[in-house]
Amino acid sequence: MARKFLYVVAGLIVLVIGASLVYRVWGMELIRMVMVPREALAQIAPLPANAYDDPKMWIARPDMVKDNPALWTPEGMKDAPSAEKAAVFFIHPTSYITTLGDAHWNMRLDDREPLTTARRFVKNQASAFNGIGAIWAPRYRQANYGAFLTDKPAGDQALALAYRDVSQAFAAFLKANPEGPLILAAHSQGSRHLLQLLKDQVAGKPVADRIAAVYAVGWPVSVEADLPALGLPACARRDQSHCIMSWQSYAEPADPSPVIESFERKPSFTGKPHKGTHMLCTNPITGVVNGAAPASANRGTLDARDAEKPARLLPGIVPARCDASGVLMIGEPVDMGPFTLPGNNYHVYDYALFWADVREDAKQRLAAFLKK
């Protein structure tokens, strides 16, 4: 099974350095030395105009009936699919994580290891939406994880190159789905690209009226400095449609300072500074902005720790509480697997922690959209 070297490195750094203060000063510098590509950015050519007409350019799409990871459901899943359907566009998170000599700024489309990991993300994340419609999940020349760890222009340029592919895939998705409700969902790097899509290709355009819900999970969104440019409000109620959800998961005691500091430095979609604004936090258990919910209300956390056993849903083990910083607290640390990041950051598990809640949320928001 493909392993994410970043998490191993980060964990070893913490163990070796010991003191949290020393780690904060030097730990990320050591990670950057290992993870940020050293080569000059290569300007990759645009894909052919009709590239995404080819099923091979998709990890999941409705005509893929064999080996489609988005069709998977965990053991014991018994809910009936919704009678009403939406088309779901899902952008997977970063799976291209390399070190030193073998690092490029953007993934090659024939690189098998990150593609295998991307399929796993689609299986464990996008599958939450297969009860309400057909899922389209494109392959794209994603930016290396190191692009997020540097202030070099090459980092933003690599992300821009990745976005170009995503934008092209989205156009093909709309062409294949010219009418009917749409669900847009993503995680991490995928959510960054999704927010850009909302600003560039959805806000103020006819397609905006078709958006039942947006799940921009694992990427910070400013209520004041980003949402006004995206054309959709935050989801304030579970029975609300045509709105945006976002959360970032931490166990307690949490140290979200690296994410908050990065958020405050980065430009917003309106041009206003992020600093001093509120980070959008949706409670995935309740489907509302902010607030708290006990573990007993969690419909099911996806337990996929043992690769030798079928994944299963465990209800009632993870609570959720939006704190004043805008991140989602999940209480005491819970064993989800080996990829918890420093600071009790459960970023990799943003969907898995609330898999059944996301599934129910999508059903209710689609139903609310269709009642309009």
Inset, instruction - Take R299 and L313 through the test side-chain contact (heavy atoms from CB on, under 4.5 Å) and record every step on the way to the result. - result: CA-CA 8 Å; R299 293 170 176 82; L313 287 177; over 6 Å; no
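- Side-chain N or O atoms of S262 include none that pairs as donor or acceptor with a backbone N or O of P258 at under 3.5 Å.
- With rounding to the nearest 0.5 Å, the separation of CG in N177 from NZ in K85 is 13.5 Å.
- The closest side-chain donor-acceptor pair between Y250 and D323, if any, does not fall under 3.5 angstrom.
- One N or O on the side chain of T270 and one on the backbone of A225 form a donor-acceptor pair closer than 3.5 Å.
- Residue I330 holds its CD1 atom at 5.0 Å from OH of Y346, rounded to the nearest 0.5 Å.
- Evaluated for a side-chain hydrogen bond (donor to acceptor under 3.5 Å, both in side chains) with R238, the options D361, N283, T286 yield exactly one hit, D361.
- Between S222 and K272 there is no side-chain heavy-atom pair separated by less than 4.5 Å.
- Taking 4.5 Å as the limit, some side-chain heavy atom of L227 sits within range of a side-chain heavy atom of V221.
- The main-chain N or O of W136 is never found under 3.5 Å from a side-chain atom of W58 such that the two would form a donor-acceptor pair.
- Put simply, I59 and W72 are part of two different groups of oily side chains (I, L, V, M, F, W, Y) that touch within less than 4.5 Å, one to the next.
- No continuous path of hydrophobic side-chain contacts links F263 to L230 [ILVMFWY only; heavy atoms under 4.5 Å].
- Scored by the side-chain contact (heavy atoms from CB on, under 4.5 Å) test, P294 finds S296, A297 as partners (sequence neighbours excluded).
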Inset, instruction - Show your working on side-chain contact (heavy atoms from CB on, under 4.5 Å) between R141 and L47 and close with a plain yes or no. - result: CA-CA 10 Å; R141 292 172 292 187; L47 294 169; 3.3 Å; yes
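- At least one donor-acceptor pair closer than 3.5 Å links the side chain of H274 to the backbone N or O of K266.
- A side-chain donor-acceptor contact under 3.5 Å links R359 and N130.
- The side-chain heavy atoms of R365 and C243, taken from C-beta on, include a pair separated by under 4.5 Å.
- Few gaps surround NZ on K205; more than 12 heavy atoms of other groups in view lie less than 6.0 Å from it.
- When ring centroids are compared, Y215 and F129 come within the 6.0 Å threshold.
- Atom CZ of R312 sits in a sparse spot, with 12 or fewer heavy atoms from other residues, nucleotides or ligands closer than 6.0 Å.
- Pairing each heavy atom of P220 with each of M279, the nearest pair is CB-SD, 3.8 Å.
- Heavy atoms from other residues, nucleotides or ligands lying under 6.0 Å from CD of E332 number 12 at most.
- I285 and L314 fall within a single hydrophobic cluster, where Ile, Leu, Val, Met, Phe, Trp and Tyr are joined by side-chain heavy atoms under 4.5 Å apart, directly or via other members.
- Looking at R119, its side chain does come within 3.5 Å of a backbone N or O of D67 through a donor-acceptor pair.
- Of all non-hydrogen atoms in L159 and A143, the two that sit nearest each other are CD2-CB, 3.6 Å.
- Q142 contributes a side-chain N or O that, together with a main-chain N or O of S95, makes up a donor-acceptor pair within less than 3.5 Å.
- With hydrogens and angles disregarded, no donor-acceptor distance shorter than 3.5 Å links the side chain of H347 to the backbone of Q248.
- Judged purely by atom type and a 3.5 angstrom limit, R321 has no side-chain atom pairing as donor or acceptor with the backbone of G331.
- To the nearest 0.5 Å, atom CD of residue E224 and atom OG1 of residue T277 are 5.0 Å apart.
- Look at R237 and D239 and you find a salt bridge, because one of the NZ, NE, NH1 or NH2 atoms lies within 4.0 Å of a carboxylate O, short of that distance.
- Side chain of T116 to backbone of R112: a donor-acceptor contact under 3.5 angstrom is found.
- V202 has its side chain out of reach of L232: every pair of non-hydrogen atoms, C-beta onward, lies at least 4.5 Å apart.
- D111 places no side-chain N or O within donor-acceptor distance of the main-chain N or O of M107, the cut-off being under 3.5 Å.
- When all heavy atoms of Y145 and I97 are compared, the pair lying nearest together is CB-CG1, 3.7 Å.
- Residues L328 and C322 come closest through the heavy atom pair CD1-SG, 3.8 Å.
- One finds the OG1 atom of T301 at 5.5 Å from the CG atom of L353 (value rounded to the nearest 0.5 Å).
- Taking all atoms of both residues into account, the shortest heavy-atom contact from W355 to P74 is CH2-CD, 3.4 Å.
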Legend entry - Check against side-chain contact (heavy atoms from CB on, under 4.5 Å), Q157 and K152: CA-CA 9 Å; Q157 292 166 5; K152 295 179 181 178; over 6 Å; no
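- The structure places CZ of F170 at 15.0 Å from OH of Y140, a figure rounded to the nearest 0.5 Å.
- Looking at D303 and I317, their side chains never come closer than 4.5 Å, going by heavy atoms from C-beta outward.
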Inset, instruction - Could you go through the side-chain contact (heavy atoms from CB on, under 4.5 Å) check for F89 and L182 one step at a time? - result: CA-CA 8 Å; F89 186 73; L182 306 175; over 6 Å; no
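- V327 and V223 sit in two unconnected hydrophobic clusters of ILVMFWY residues. Membership requires side-chain heavy atoms under 4.5 Å apart, directly or through other members.
- Hydrophobic clustering keeps W219 apart from M329 (ILVMFWY residues linked when any side-chain heavy atoms are closer than 4.5 Å, directly or through intermediates).
- Going from atom OH of Y96 over to atom CH2 of W105 covers 11.0 Å, rounded to the nearest 0.5 Å.
- Nearest heavy-atom pair, Y349 versus G337, reported as atom, atom and distance to 0.1 Å: OH-C, 3.3 Å.
- Considering only heavy atoms from C-beta on, D226 stays 4.5 Å or farther from L280 through its side chain.
- In this structure, N344 and P253 have side chains that are in contact, with non-hydrogen atoms separated by less than 4.5 Å.
- Side-chain contact between L115 and R139 is present, with at least one heavy-atom pair separated by less than 4.5 Å.
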